[in-house]
Asks: 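This is the structure I have questions about; it appears just below.
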Amino acid sequence: MVAVLFISFLVCLFIGVPVAFSLGISSILYFIGSGMPISMFAQKFFAGMDSFTLLCIPGFTFAGNLMNQGGISDKLLDFADALVGHLRGGLAYANVLASMVFAGISGTALSDTVSLGGIEIPMMAKQGYDIPFSVAVTAASSCMGPIIPPSVPMIIAATMTGLSVSKMFMAGIIPGILMGGGMCFVCWFESKKNNYPKRDRRLSFREMMHAGREAIWAIIMVAIILFGIMGGVMTPTEASIVCIAYGTIVSAAVYRKLSIKTFYSCLKTTLSSAAAIMALVAFANVFAYILTKERIPNMIADAMLNLTTNKYIILLLINIFLIFVGMFMETIAAILILFPVLLQLATAVGVDPIQFGIIVVMNLVLGLCTPPVGVCLFAATAIGDNYSKKNGGPGNKLSDSVRALVPFMISNFAVLALVTYVPALTTGFANMISGGK
(Lines give C-alpha, C1' and ligand atoms only; values in the text may rest on other atoms or scores of the structure.)
Protein backbone atom coordinates (compact mmCIF):
# COMPACT_ATOMS: atom_id res chain seq x y z
CA MET A 1 0.00 0.00 0.00
CA VAL A 2 3.00 2.31 0.34
CA ALA A 3 3.37 2.19 -3.44
CA VAL A 4 -0.29 3.23 -3.81
CA LEU A 5 0.33 6.12 -1.41
CA PHE A 6 3.26 7.58 -3.35
CA ILE A 7 2.01 6.81 -6.85
CA SER A 8 -1.41 8.39 -6.22
CA PHE A 9 0.26 11.43 -4.63
CA LEU A 10 2.56 11.95 -7.62
CA VAL A 11 -0.25 11.41 -10.12
CA CYS A 12 -2.40 14.02 -8.36
CA LEU A 13 0.46 16.51 -8.44
CA PHE A 14 1.13 15.79 -12.11
CA ILE A 15 -2.47 16.48 -13.15
CA GLY A 16 -2.55 19.74 -11.21
CA VAL A 17 -4.38 18.84 -8.00
CA PRO A 18 -3.35 21.22 -5.15
CA VAL A 19 -0.74 19.76 -2.80
CA ALA A 20 -3.11 19.68 0.21
CA PHE A 21 -5.73 17.65 -1.63
CA SER A 22 -3.05 15.45 -3.24
CA LEU A 23 -1.93 14.52 0.27
CA GLY A 24 -5.54 13.90 1.34
CA ILE A 25 -6.51 11.76 -1.67
CA SER A 26 -3.42 9.56 -1.45
CA SER A 27 -3.92 9.12 2.32
CA ILE A 28 -7.58 8.14 1.88
CA LEU A 29 -6.63 5.57 -0.76
CA TYR A 30 -4.06 4.12 1.65
CA PHE A 31 -6.63 3.90 4.47
CA ILE A 32 -9.18 2.20 2.19
CA GLY A 33 -6.66 -0.20 0.68
CA SER A 34 -5.19 -1.23 4.03
CA GLY A 35 -8.59 -1.67 5.66
CA MET A 36 -7.99 0.96 8.33
CA PRO A 37 -11.08 2.76 9.73
CA ILE A 38 -11.80 6.10 8.08
CA SER A 39 -12.58 7.51 11.54
CA MET A 40 -8.84 7.35 12.24
CA PHE A 41 -8.26 9.52 9.16
CA ALA A 42 -10.57 12.15 10.68
CA GLN A 43 -8.80 11.90 14.03
CA LYS A 44 -5.36 12.45 12.52
CA PHE A 45 -6.72 15.24 10.29
CA PHE A 46 -8.03 17.30 13.20
CA ALA A 47 -5.07 16.40 15.42
CA GLY A 48 -2.86 18.16 12.88
CA MET A 49 -4.66 21.45 13.50
CA ASP A 50 -5.06 21.00 17.27
CA SER A 51 -2.18 23.25 18.29
CA PHE A 52 -2.25 26.54 20.17
CA THR A 53 1.00 27.61 18.50
CA LEU A 54 -0.50 27.36 15.01
CA LEU A 55 -2.85 30.21 15.91
CA CYS A 56 0.04 32.63 15.43
CA ILE A 57 0.04 31.94 11.67
CA PRO A 58 -3.21 33.83 10.98
CA GLY A 59 -2.19 36.27 13.73
CA PHE A 60 1.08 37.37 12.13
CA THR A 61 -0.47 37.27 8.66
CA PHE A 62 -3.31 39.54 9.75
CA ALA A 63 -0.93 41.94 11.52
CA GLY A 64 1.23 42.17 8.40
CA ASN A 65 -1.81 42.83 6.20
CA LEU A 66 -3.03 45.56 8.56
CA MET A 67 0.30 47.35 8.63
CA ASN A 68 0.69 47.03 4.87
CA GLN A 69 -2.74 48.54 4.26
CA GLY A 70 -1.83 51.22 6.77
CA GLY A 71 1.06 52.47 4.62
CA ILE A 72 3.94 50.64 6.26
CA SER A 73 5.62 49.76 2.94
CA ASP A 74 5.92 53.43 1.93
CA LYS A 75 7.20 54.53 5.34
CA LEU A 76 9.81 51.77 5.63
CA LEU A 77 11.18 52.40 2.14
CA ASP A 78 11.30 56.17 2.71
CA PHE A 79 13.20 55.68 5.96
CA ALA A 80 15.68 53.24 4.40
CA ASP A 81 16.19 55.62 1.47
CA ALA A 82 16.78 58.50 3.89
CA LEU A 83 19.59 56.51 5.53
CA VAL A 84 21.45 55.19 2.47
CA GLY A 85 19.96 56.93 -0.59
CA HIS A 86 22.99 59.27 -0.89
CA LEU A 87 25.28 56.30 -1.58
CA ARG A 88 25.76 54.97 -5.10
CA GLY A 89 23.11 52.31 -5.55
CA GLY A 90 21.36 53.69 -2.47
CA LEU A 91 17.89 52.57 -3.51
CA ALA A 92 19.17 49.00 -3.86
CA TYR A 93 20.46 49.13 -0.27
CA ALA A 94 17.15 50.66 0.80
CA ASN A 95 15.34 47.78 -0.90
CA VAL A 96 17.29 45.23 1.15
CA LEU A 97 16.98 47.16 4.42
CA ALA A 98 13.23 47.65 3.97
CA SER A 99 12.83 43.92 3.35
CA MET A 100 14.77 43.13 6.54
CA VAL A 101 12.37 45.24 8.62
CA PHE A 102 9.24 44.13 6.76
CA ALA A 103 10.35 40.51 7.26
CA GLY A 104 9.92 41.08 10.99
CA ILE A 105 6.22 41.73 10.43
CA SER A 106 4.90 39.66 7.52
CA GLY A 107 6.71 36.34 8.08
CA THR A 108 6.32 35.33 4.42
CA ALA A 109 8.45 35.98 1.35
CA LEU A 110 5.70 36.47 -1.22
CA SER A 111 3.96 39.21 0.79
CA ASP A 112 7.32 41.02 0.94
CA THR A 113 7.76 40.75 -2.83
CA VAL A 114 4.28 41.96 -3.68
CA SER A 115 3.95 44.66 -1.00
CA LEU A 116 7.38 46.26 -1.34
CA GLY A 117 8.06 45.31 -4.96
CA GLY A 118 5.11 47.29 -6.27
CA ILE A 119 6.76 50.41 -4.85
CA GLU A 120 10.46 49.62 -5.11
CA ILE A 121 10.75 48.36 -8.68
CA PRO A 122 9.04 51.39 -10.33
CA MET A 123 10.96 53.75 -8.02
CA MET A 124 14.31 52.19 -8.93
CA ALA A 125 13.48 52.14 -12.64
CA LYS A 126 12.55 55.85 -12.58
CA GLN A 127 15.92 56.70 -11.05
CA GLY A 128 17.87 54.87 -13.73
CA TYR A 129 18.36 51.33 -12.44
CA ASP A 130 18.04 48.43 -14.88
CA ILE A 131 14.68 46.73 -14.47
CA PRO A 132 16.17 43.19 -14.30
CA PHE A 133 18.48 44.33 -11.48
CA SER A 134 15.57 46.00 -9.67
CA VAL A 135 13.55 42.80 -10.01
CA ALA A 136 16.47 40.64 -8.84
CA VAL A 137 17.22 42.61 -5.67
CA THR A 138 13.51 42.72 -4.78
CA ALA A 139 13.00 38.97 -5.25
CA ALA A 140 16.25 37.98 -3.52
CA SER A 141 15.74 40.24 -0.50
CA SER A 142 12.22 38.90 0.00
CA CYS A 143 13.79 35.52 0.88
CA MET A 144 14.70 37.01 4.25
CA GLY A 145 11.00 37.06 5.16
CA PRO A 146 10.82 33.44 6.37
CA ILE A 147 14.32 33.62 7.96
CA ILE A 148 14.02 36.73 10.14
CA PRO A 149 11.31 36.09 12.75
CA PRO A 150 8.40 35.78 12.74
CA SER A 151 8.43 33.04 10.14
CA VAL A 152 5.47 30.95 9.04
CA PRO A 153 7.66 28.06 7.73
CA MET A 154 9.54 27.98 11.05
CA ILE A 155 6.27 27.86 12.98
CA ILE A 156 5.13 24.91 10.86
CA ALA A 157 8.46 23.03 11.17
CA ALA A 158 8.72 23.53 14.93
CA THR A 159 5.07 22.76 15.71
CA MET A 160 4.91 19.46 13.85
CA THR A 161 8.11 18.12 15.44
CA GLY A 162 7.72 19.46 18.98
CA LEU A 163 10.60 21.95 18.76
CA SER A 164 10.57 25.36 20.42
CA VAL A 165 9.16 28.02 18.09
CA SER A 166 10.75 30.80 20.15
CA LYS A 167 14.18 29.19 20.00
CA MET A 168 13.90 28.63 16.25
CA PHE A 169 12.94 32.29 15.83
CA MET A 170 16.07 33.33 17.75
CA ALA A 171 18.21 30.96 15.69
CA GLY A 172 17.05 32.68 12.48
CA ILE A 173 18.16 36.21 13.43
CA ILE A 174 21.89 35.93 12.59
CA PRO A 175 21.34 34.02 9.29
CA GLY A 176 18.81 36.69 8.26
CA ILE A 177 21.24 39.51 9.03
CA LEU A 178 24.02 37.69 7.15
CA MET A 179 21.75 37.30 4.12
CA GLY A 180 20.99 41.02 4.21
CA GLY A 181 24.66 41.92 4.55
CA GLY A 182 25.64 39.62 1.68
CA MET A 183 23.01 41.11 -0.61
CA CYS A 184 24.12 44.65 0.31
CA PHE A 185 27.65 43.66 -0.78
CA VAL A 186 26.26 42.44 -4.12
CA CYS A 187 24.35 45.72 -4.49
CA TRP A 188 27.58 47.66 -3.83
CA PHE A 189 29.51 45.62 -6.42
CA GLU A 190 26.79 45.85 -9.10
CA SER A 191 26.26 49.58 -8.46
CA LYS A 192 29.96 50.32 -8.91
CA LYS A 193 30.13 48.11 -11.97
CA ASN A 194 27.08 49.65 -13.70
CA ASN A 195 27.45 53.17 -12.27
CA TYR A 196 23.96 53.18 -10.80
CA PRO A 197 22.64 56.55 -9.57
CA LYS A 198 22.72 58.10 -6.13
CA ARG A 199 20.89 61.00 -4.52
CA ASP A 200 22.45 64.41 -5.20
CA ARG A 201 22.88 65.20 -1.53
CA ARG A 202 22.88 63.57 1.85
CA LEU A 203 19.74 64.34 3.83
CA SER A 204 20.08 66.53 6.88
CA PHE A 205 19.76 65.06 10.36
CA ARG A 206 16.35 66.71 10.71
CA GLU A 207 15.10 65.09 7.48
CA MET A 208 16.39 61.69 8.60
CA MET A 209 14.66 62.11 11.95
CA HIS A 210 11.41 62.99 10.21
CA ALA A 211 11.61 59.83 8.06
CA GLY A 212 12.44 57.85 11.19
CA ARG A 213 9.42 59.21 13.07
CA GLU A 214 7.19 58.21 10.16
CA ALA A 215 8.54 54.63 10.23
CA ILE A 216 8.97 54.25 13.99
CA TRP A 217 5.55 52.64 14.45
CA ALA A 218 6.52 49.80 12.12
CA ILE A 219 9.87 49.37 13.86
CA ILE A 220 8.13 49.21 17.25
CA MET A 221 6.02 46.32 15.97
CA VAL A 222 9.19 44.41 15.07
CA ALA A 223 10.56 45.13 18.55
CA ILE A 224 7.36 43.80 20.13
CA ILE A 225 7.72 40.55 18.21
CA LEU A 226 11.45 40.04 18.78
CA PHE A 227 11.95 41.23 22.35
CA GLY A 228 8.56 40.02 23.55
CA ILE A 229 9.34 36.47 22.44
CA MET A 230 13.09 36.45 23.19
CA GLY A 231 12.51 38.00 26.60
CA GLY A 232 10.02 35.32 27.52
CA VAL A 233 7.29 37.91 28.04
CA MET A 234 5.01 36.44 25.37
CA THR A 235 4.59 33.24 23.44
CA PRO A 236 4.60 33.56 19.63
CA THR A 237 0.80 33.23 19.60
CA GLU A 238 0.38 35.95 22.24
CA ALA A 239 2.82 38.19 20.35
CA SER A 240 0.77 37.79 17.16
CA ILE A 241 -2.44 38.85 18.96
CA VAL A 242 -0.70 41.89 20.49
CA CYS A 243 0.54 42.82 17.01
CA ILE A 244 -2.99 42.63 15.60
CA ALA A 245 -4.24 45.07 18.24
CA TYR A 246 -1.21 47.31 17.75
CA GLY A 247 -1.46 47.19 13.94
CA THR A 248 -5.16 48.07 14.03
CA ILE A 249 -4.60 51.09 16.28
CA VAL A 250 -1.56 52.39 14.38
CA SER A 251 -3.06 51.89 10.91
CA ALA A 252 -6.34 53.55 11.88
CA ALA A 253 -5.24 56.29 14.30
CA VAL A 254 -1.65 57.11 13.27
CA TYR A 255 -1.34 56.42 9.54
CA ARG A 256 -5.10 56.92 9.06
CA LYS A 257 -5.30 54.58 6.08
CA LEU A 258 -7.39 51.81 7.65
CA SER A 259 -11.12 52.01 7.05
CA ILE A 260 -13.84 49.46 7.76
CA LYS A 261 -13.61 48.38 4.12
CA THR A 262 -9.82 47.84 4.18
CA PHE A 263 -10.07 46.10 7.58
CA TYR A 264 -12.60 43.67 6.10
CA SER A 265 -10.35 43.17 3.07
CA CYS A 266 -7.39 42.34 5.35
CA LEU A 267 -9.52 39.93 7.36
CA LYS A 268 -10.81 38.22 4.22
CA THR A 269 -7.30 37.83 2.77
CA THR A 270 -5.98 36.50 6.07
CA LEU A 271 -8.76 33.94 6.49
CA SER A 272 -8.27 32.70 2.93
CA SER A 273 -4.52 32.20 3.27
CA ALA A 274 -4.74 30.80 6.82
CA ALA A 275 -7.43 28.29 5.82
CA ALA A 276 -5.26 27.05 2.95
CA ILE A 277 -2.27 26.62 5.28
CA MET A 278 -4.28 24.85 7.98
CA ALA A 279 -5.82 22.44 5.46
CA LEU A 280 -2.32 21.66 4.21
CA VAL A 281 -1.10 21.08 7.78
CA ALA A 282 -4.07 18.79 8.56
CA PHE A 283 -3.70 16.59 5.47
CA ALA A 284 0.08 16.49 5.89
CA ASN A 285 -0.35 15.22 9.46
CA VAL A 286 -2.32 12.23 8.13
CA PHE A 287 0.34 11.65 5.47
CA ALA A 288 3.12 11.87 8.08
CA TYR A 289 1.28 9.38 10.31
CA ILE A 290 1.25 6.87 7.46
CA LEU A 291 4.95 7.41 6.77
CA THR A 292 5.77 6.87 10.43
CA LYS A 293 3.56 3.77 10.61
CA GLU A 294 5.36 2.30 7.59
CA ARG A 295 8.76 3.30 9.06
CA ILE A 296 9.68 5.27 5.93
CA PRO A 297 11.85 7.81 7.87
CA ASN A 298 13.80 4.95 9.46
CA MET A 299 14.35 3.31 6.08
CA ILE A 300 15.60 6.54 4.51
CA ALA A 301 17.89 7.25 7.47
CA ASP A 302 19.31 3.72 7.38
CA ALA A 303 19.89 3.93 3.62
CA MET A 304 21.77 7.22 3.92
CA LEU A 305 23.79 6.04 6.91
CA ASN A 306 24.80 2.93 4.97
CA LEU A 307 26.34 5.23 2.35
CA THR A 308 28.22 7.41 4.86
CA THR A 309 28.12 8.39 8.51
CA ASN A 310 30.07 11.60 7.92
CA LYS A 311 27.90 14.45 9.24
CA TYR A 312 29.27 17.01 6.79
CA ILE A 313 28.72 14.86 3.72
CA ILE A 314 25.18 13.99 4.82
CA LEU A 315 24.40 17.69 5.34
CA LEU A 316 25.77 18.43 1.87
CA LEU A 317 23.58 15.72 0.32
CA ILE A 318 20.53 16.99 2.22
CA ASN A 319 21.20 20.55 1.04
CA ILE A 320 21.47 19.47 -2.60
CA PHE A 321 18.27 17.46 -2.28
CA LEU A 322 16.34 20.31 -0.63
CA ILE A 323 17.53 22.88 -3.18
CA PHE A 324 16.22 20.59 -5.92
CA VAL A 325 12.91 20.08 -4.10
CA GLY A 326 12.58 23.82 -3.53
CA MET A 327 12.76 24.43 -7.27
CA PHE A 328 9.53 22.48 -7.78
CA MET A 329 7.53 22.37 -4.53
CA GLU A 330 5.93 25.09 -2.40
CA THR A 331 7.88 25.76 0.82
CA ILE A 332 5.29 24.84 3.46
CA ALA A 333 4.23 21.69 1.63
CA ALA A 334 7.85 20.55 1.35
CA ILE A 335 8.46 21.20 5.06
CA LEU A 336 5.36 19.26 6.08
CA ILE A 337 6.33 16.26 3.97
CA LEU A 338 10.12 16.17 4.30
CA PHE A 339 11.16 17.84 7.56
CA PRO A 340 10.13 15.03 9.96
CA VAL A 341 11.76 12.47 7.68
CA LEU A 342 15.07 14.31 7.29
CA LEU A 343 15.18 15.44 10.93
CA GLN A 344 15.58 11.85 12.06
CA LEU A 345 18.54 11.43 9.71
CA ALA A 346 20.15 14.71 10.81
CA THR A 347 19.84 14.00 14.52
CA ALA A 348 21.29 10.52 13.95
CA VAL A 349 24.59 12.11 12.86
CA GLY A 350 24.61 14.69 15.64
CA VAL A 351 23.02 17.77 14.09
CA ASP A 352 21.05 19.98 16.48
CA PRO A 353 17.33 19.92 15.57
CA ILE A 354 17.02 23.73 15.78
CA GLN A 355 20.02 24.26 13.51
CA PHE A 356 18.63 21.71 11.07
CA GLY A 357 15.27 23.48 11.07
CA ILE A 358 16.97 26.70 9.95
CA ILE A 359 18.91 24.79 7.28
CA VAL A 360 15.73 23.27 5.85
CA VAL A 361 13.81 26.55 5.86
CA MET A 362 16.70 28.41 4.17
CA ASN A 363 17.06 25.77 1.47
CA LEU A 364 13.38 25.74 0.60
CA VAL A 365 12.97 29.52 0.80
CA LEU A 366 15.79 30.04 -1.69
CA GLY A 367 13.71 27.91 -4.05
CA LEU A 368 11.17 30.76 -4.13
CA CYS A 369 13.62 32.63 -6.37
CA THR A 370 14.61 29.76 -8.66
CA PRO A 371 12.76 28.51 -11.75
CA PRO A 372 10.58 26.68 -12.58
CA VAL A 373 8.35 27.37 -9.53
CA GLY A 374 9.99 30.48 -8.06
CA VAL A 375 6.87 32.41 -7.06
CA CYS A 376 8.78 35.44 -5.71
CA LEU A 377 10.85 35.63 -8.89
CA PHE A 378 7.72 35.38 -11.05
CA ALA A 379 5.87 38.04 -9.01
CA ALA A 380 8.75 40.51 -9.14
CA THR A 381 9.31 39.84 -12.85
CA ALA A 382 5.63 40.51 -13.56
CA ILE A 383 5.81 43.85 -11.70
CA GLY A 384 8.89 44.86 -13.69
CA ASP A 385 7.35 43.69 -16.97
CA ASN A 386 4.12 45.63 -16.37
CA TYR A 387 6.02 48.80 -15.47
CA SER A 388 8.27 48.57 -18.54
CA LYS A 389 5.40 48.00 -20.98
CA LYS A 390 3.27 50.72 -19.37
CA ASN A 391 6.08 53.20 -20.01
CA GLY A 392 6.70 52.13 -23.62
CA GLY A 393 9.56 49.75 -22.89
CA PRO A 394 10.20 46.25 -24.29
CA GLY A 395 9.05 44.54 -21.10
CA ASN A 396 11.08 42.38 -18.75
CA LYS A 397 11.80 38.77 -19.64
CA LEU A 398 12.18 36.06 -17.00
CA SER A 399 15.57 35.12 -18.48
CA ASP A 400 16.84 38.69 -17.89
CA SER A 401 15.68 38.56 -14.28
CA VAL A 402 17.37 35.18 -13.73
CA ARG A 403 20.70 36.48 -15.06
CA ALA A 404 20.53 39.51 -12.76
CA LEU A 405 19.59 37.25 -9.85
CA VAL A 406 22.65 34.98 -10.08
CA PRO A 407 25.04 37.13 -7.93
CA PHE A 408 22.39 37.43 -5.20
CA MET A 409 21.78 33.70 -5.18
CA ILE A 410 25.52 33.02 -4.94
CA SER A 411 25.61 35.27 -1.88
CA ASN A 412 22.59 33.55 -0.30
CA PHE A 413 24.00 30.08 -0.95
CA ALA A 414 27.28 31.17 0.68
CA VAL A 415 25.30 32.15 3.80
CA LEU A 416 23.50 28.79 3.63
CA ALA A 417 26.88 27.02 3.66
CA LEU A 418 27.94 29.01 6.74
CA VAL A 419 24.69 28.21 8.54
CA THR A 420 25.07 24.52 7.64
CA TYR A 421 28.61 24.11 8.96
CA VAL A 422 28.87 26.77 11.71
CA PRO A 423 26.30 25.94 14.43
CA ALA A 424 27.29 29.01 16.46
CA LEU A 425 25.42 31.18 13.95
CA THR A 426 22.10 29.51 14.81
CA THR A 427 21.95 27.41 17.98
CA GLY A 428 24.93 29.22 19.50
CA PHE A 429 23.15 32.55 19.33
CA ALA A 430 19.80 31.08 20.40
CA ASN A 431 21.37 29.40 23.43
CA MET A 432 23.19 32.60 24.36
CA ILE A 433 19.93 34.58 24.35
CA SER A 434 17.92 31.91 26.18
CA GLY A 435 20.68 31.16 28.69
CA GLY A 436 21.28 27.58 27.54
CA LYS A 437 24.58 25.85 26.90
Side-chain angles (χ1 to χ4, degrees), residues 18 20-21 49-78 98-99 101-122 142 145-146 149-153 155-156 214-225 228 234-282 330-332 375-376 378-380 382-383 386:
F21 294 113
M49 297 184 289
D50 186 18
S51 171
F52 178 73
T53 306
L54 288 178
L55 288 175
C56 64
I57 294 177
F60 284 127
T61 304
F62 192 30
N65 288 336
L66 287 171
M67 293 298 283
N68 187 40
Q69 289 288 340
I72 184 174
S73 305
D74 302 353
K75 306 300 182 185
L76 286 177
L77 189 57
D78 289 344
S99 291
V101 179
F102 193 78
I105 299 172
S106 68
T108 58
L110 186 58
S111 63
D112 189 326
T113 305
V114 175
S115 301
L116 295 176
I119 305 168
E120 293 165 337
I121 294 173
S142 68
S151 164
V152 172
I155 294 168
I156 298 289
E214 290 293 308
I216 191 64
W217 300 104
I219 297 171
I220 289 174
M221 179 180 269
V222 178
I224 290 173
I225 295 170
M234 297 176 282
T235 66
T237 302
E238 292 165 346
S240 70
I241 303 305
V242 170
C243 285
I244 290 175
Y246 176 87
T248 303
I249 295 170
V250 169
S251 299
V254 179
Y255 293 149
R256 297 184 179 179
K257 290 189 176 181
L258 186 67
S259 63
I260 297 297
K261 184 178 179 180
T262 53
F263 184 88
Y264 174 75
S265 176
C266 290
L267 183 60
K268 186 177 178 181
T269 302
T270 301
L271 290 175
S272 176
S273 60
I277 292 173
M278 296 303 284
L280 185 57
V281 170
E330 193 268 338
T331 304
I332 294 178
V375 290
C376 290
F378 293 159
I383 294 171
N386 291 336

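Quick caveat: nothing in here was measured; it's all calculated off a predicted structure.
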Asks: Which heavy atom in Leu55 sits nearest to a heavy atom in Ser240, and how many Å separate them?
Replies: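 Looks like O-OG, 4.4 Å.
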Asks: One pair to check against side chain to side chain contact (heavy atoms under 4.5 Å, CB included): Phe60 and Val152. What are the steps and the verdict?
Replies: CA-CA 8 Å; Phe60 284 127; Val152 172; 5.7 Å; no
Asks: List in chain and number order the residues that pass side chain to side chain donor-acceptor pair (under 3.5 Å) with Thr237, two or more places apart in sequence or in another chain; answer none if no residue qualifies.
Replies: none
Asks: Do the side chains of Pro153 and Ser151 get nearer than 4.5 Å, heavy atoms only?
Replies: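 Yes, their side chains come closer than 4.5 Å.
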Asks: With Tyr246, which residues qualify under ring pair (Phe, Tyr, Trp, His ring centres under 6.0 Å), at least two apart?
Replies: none
Asks: For Ala274, check side chain to side chain contact (heavy atoms under 4.5 Å, CB included) against everything at least two apart and list the hits.
Replies: Pro58
Asks: Applying side chain to side chain contact (heavy atoms under 4.5 Å, CB included), can you list everything that pairs with Ile241, at least two apart in sequence or on another chain?
Replies: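 Once residues adjacent in sequence are excluded, the partners of Ile241 under the side chain to side chain contact (heavy atoms under 4.5 Å, CB included) criterion are Ile244.
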Asks: Applying side chain to side chain donor-acceptor pair (under 3.5 Å), name anything that partners Thr262, two or more places apart in sequence or on another chain.
Replies: Ser259
Asks: Restricting to side chain to side chain contact (heavy atoms under 4.5 Å, CB included), what partner residues turn up for Ala279, sequence neighbours left out?
Replies: none
Asks: When rounded to the nearest 0.5 angstrom, what distance separates OG in Ser272 from CD1 in Ile277?
Replies: 10.0 Å
Asks: Apply side chain to side chain contact (heavy atoms under 4.5 Å, CB included) to the pair Phe263 and Leu66, showing each step before the final yes or no.
Replies: CA-CA 7 Å; Phe263 184 88; Leu66 287 171; 3.7 Å; yes
Asks: Considering only residues two or more places apart or on different chains, which pairs with a residue in residues 246-259 satisfy salt bridge (Lys or Arg N to Asp or Glu O under 4.0 Å)?
Replies: Asp74-Lys257
Asks: At what distance, to the nearest 0.5 angstrom, does CD of Glu120 lie from OG of Ser142?
Replies: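 One finds 9.5 Å between CD of Glu120 and OG of Ser142.
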Asks: Could you give me the CA-CA distance, side-chain angles and deciding distance for Ile57 and Ile156, then say whether side chain to side chain contact (heavy atoms under 4.5 Å, CB included) is met?
Replies: CA-CA 9 Å; Ile57 294 177; Ile156 298 289; 3.4 Å; yes
Asks: At their closest point, which heavy atom of Met234 faces which heavy atom of Ala239, and how far apart are they?
Replies: SD-CA, 3.9 Å
